[in-house]
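Note: hydrogens, waters and symmetry copies are ignored here, and every other heavy atom, side chains too, is used. Not measured: the values here are computed from a predicted model.
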2 protein chains.
Amino acid sequence: MATGSRTVRPRSSVWLSERKTPRRKGDQQPVGLDHLKIVAATMRLLDAEGLAGFSMRRLAAELGVTAMSVYWYVETKDHLLELALDAAMGEIALPIETVRSVEAAGPVEGPEYTPAEPRDWRDQLRQVASEYRRVLVRHPWLAALLGEYLNIGPNAVVFNHAALAVMRNSGLPDDRITSALALVYQFVYGFGTIEGRFAARCRAAGLTQDELYHEMMGTVADRIEFDEARKVMEARGGTTVQEMQDRDFTFALDLAIAGIESLKER
Amino acid sequence: MATGSRTVRPRSSVWLSERKTPRRKGDQQPVGLDHLKIVAATMRLLDAEGLAGFSMRRLAAELGVTAMSVYWYVETKDHLLELALDAAMGEIALPIETVRSVEAAGPVEGPEYTPAEPRDWRDQLRQVASEYRRVLVRHPWLAALLGEYLNIGPNAVVFNHAALAVMRNSGLPDDRITSALALVYQFVYGFGTIEGRFAARCRAAGLTQDELYHEMMGTVADRIEFDEARKVMEARGGTTVQEMQDRDFTFALDLAIAGIESLKER
DNA sequence: ACCTGAACACCGTTCAAGT
DNA sequence: ACCTGAACACCGTTCAAGT
């Protein structure tokens, strides 16, 4: 109230604005940069230093170039991060039959397909969910960007389409589909987020997951309120952190699937 | 690789370090600031301007004080945000019997209790979940902070304890509890996150939720791949955005509960 | 067409100094 | 005990200029 208020930046999406660099005419690459190289370096830097450690100036240094060069290819930092976001979404391997109809509408770059193609909707759901989880963990910055931007890039569109296609095979009535999608993918999002953050924390501290886990349990163990919580933590079984996480993830998905199965005949 | 790499800041939690200001001796407030006032102003600013618009300098201006004064009460910006995070967690109203055992261990400031006290675990779960959702939407910055910090403040501890207490009444075996908790609360987290972001976007643009929704559908409607998606979007019913969101949320919770009910007798 | 350098308006935080 | 001012090392981005 006191000082002049700053309006929240409008932040139009990359996907809703003109490409900044017009498509190259011939094959002759000029010398230095290009879109692909910039996005790749961005992702490498994000993986290594995290979102907070990323800056346009750091990126330029990484590319061996002056701070402002990148701006010839990319309008703003936000747009660049949106490109990285969609590139990460492209790493999610999808069952091929779920993306065919989309691909027919135009070529899509990026997504990998798994060799084994499950037919049952439950297995397809498990595949898409665990692929999404895998990518969230591999790129711990992805979750924050998903919360920040619209996520309407080409790869995101393919992903959403695939998720929808799988859920439509569940037998759930149409008016329940969005709910079921929300339950499953918001769960995976949250789960992958904290799993990825924990993994990043371990890398930063130079500890294994199990080491950091026990250390955290130690600093917190003297709090009386955690007695009951610890009982449950211990009951969940698994000797390593990774095993516990896998069990939790798998069974949570089973719960969701069981819920869908039990409510689909109404 | 090129330039000297910056290590990721260690970032110790507020809750794991000494209080910066020793407790006041008598009643005589000095003149200016104090912890409560600072955190309250922080939350007000975060609500109004968003996380990206918040800075220590803005906060100081809001408090009518120089930029560095706040640092006498708070170690870093991170610590301050952690305090705001836990204060927000304290706004989640919990069924009173779920927090009694925690309160016995020591006084807890903040949490409100609802007058109606549901006995059935499903209703308790619905209450805790929708309260969590409500707070996430009211404070759109909360989700980002939950992803950033450890969330082990006193109010967070009470919340986790309550969530656990409710789930233990579900009849699920102990080794499934953490999974079920993850499914439900990660879902609510994700759902509340995007709902809150959408609401904030509306406020920033000066539009109602329905206006912005239709505008977004418009800019995106010309994409061929969205045909199938739109069919499902329309099927979910509800005339307003709020109704659609409420329906989606309610039924997704029903799915989770049905899954728990159906898997608890194994 | 592509890249640079200087400059602007911001950050979080340190540190010596005031009262 | 509390608050200030100047300073440091950073940001994202603009803009005029180079080739």
Tell me every residue that passes side-chain contact (heavy atoms from CB on, under 4.5 Å) with [X], counting only those two or more places apart in sequence or in another chain.
| X | value |
| --- | --- |
| A:Thr66 | A:Ser69 |
| A:Ala144 | A:Leu51 |
| B:Phe249 | B:Ala129, B:Ser130, B:Arg133, B:Phe187, B:Val188, B:Phe191, B:Leu253 |
| B:Asn160 | none |

Would you mind reading off the distance between [X] atom [atom1] and [N] atom [atom2], rounded to a whole angstrom?
| X | N | atom1 | atom2 | value |
| --- | --- | --- | --- | --- |
| A:Lys37 | C:dC2 | NZ | P | 12 Å |
| B:Leu63 | D:dT4 | CG | P | 11 Å |
| A:Trp72 | D:dA16 | CH2 | P | 18 Å |

Scan side-chain atoms only and decide if B:Glu82 and B:Ser13 contain a donor-acceptor pair under the 3.5 Å cut-off. yes
Who pairs with A:Asp47 by side-chain hydrogen bond (donor to acceptor under 3.5 Å, both in side chains), at least two apart in sequence or on another chain?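 With neighbours one apart ignored, the set is A:His139, A:Trp141.
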Name all residues meeting the side-chain hydrogen bond (donor to acceptor under 3.5 Å, both in side chains) criterion together with A:Thr178; count only those two or more places apart in sequence or in a different chain, and write none if there are none. B:Asp248
Using only side-chain N and O atoms of A:Ser69, determine if any of them is under 4.0 Å from OP1 or OP2 of C:dT4. yes
Each stem that DNA chain C is part of, given as range with range (3 or more consecutive Watson-Crick or G-U pairs, under 3.5 Å):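 Result, WC/G-U stems under 3.5 Å: C:4-8 with D:12-16, C:12-16 with D:4-8.
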Can you pull every protein N or O that's under 3.5 Å from an N or O on nucleotides 12-14 of chain C?
unit_1 : atom_1 : unit_2  : atom_2 : d
C:dG12 : OP1    : B:Met56 : N      : 3.3
C:dG12 : OP1    : B:Lys77 : NZ     : 3.0
C:dG12 : OP2    : B:Met56 : N      : 3.0
C:dG12 : N7     : B:Arg57 : NH1    : 2.3
C:dG12 : O6     : B:Arg57 : NH1    : 3.2
C:dG12 : O6     : B:Arg57 : NH2    : 3.3
C:dT13 : OP2    : B:Tyr71 : OH     : 2.7
C:dT13 : OP2    : B:Lys77 : N      : 2.9

A:Tyr132: partners by ring pair (Phe, Tyr, Trp, His ring centres under 6.0 Å), with sequence neighbours left out: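 For A:Tyr132 the ring pair (Phe, Tyr, Trp, His ring centres under 6.0 Å) partners, ignoring immediate neighbours, are A:Phe159.
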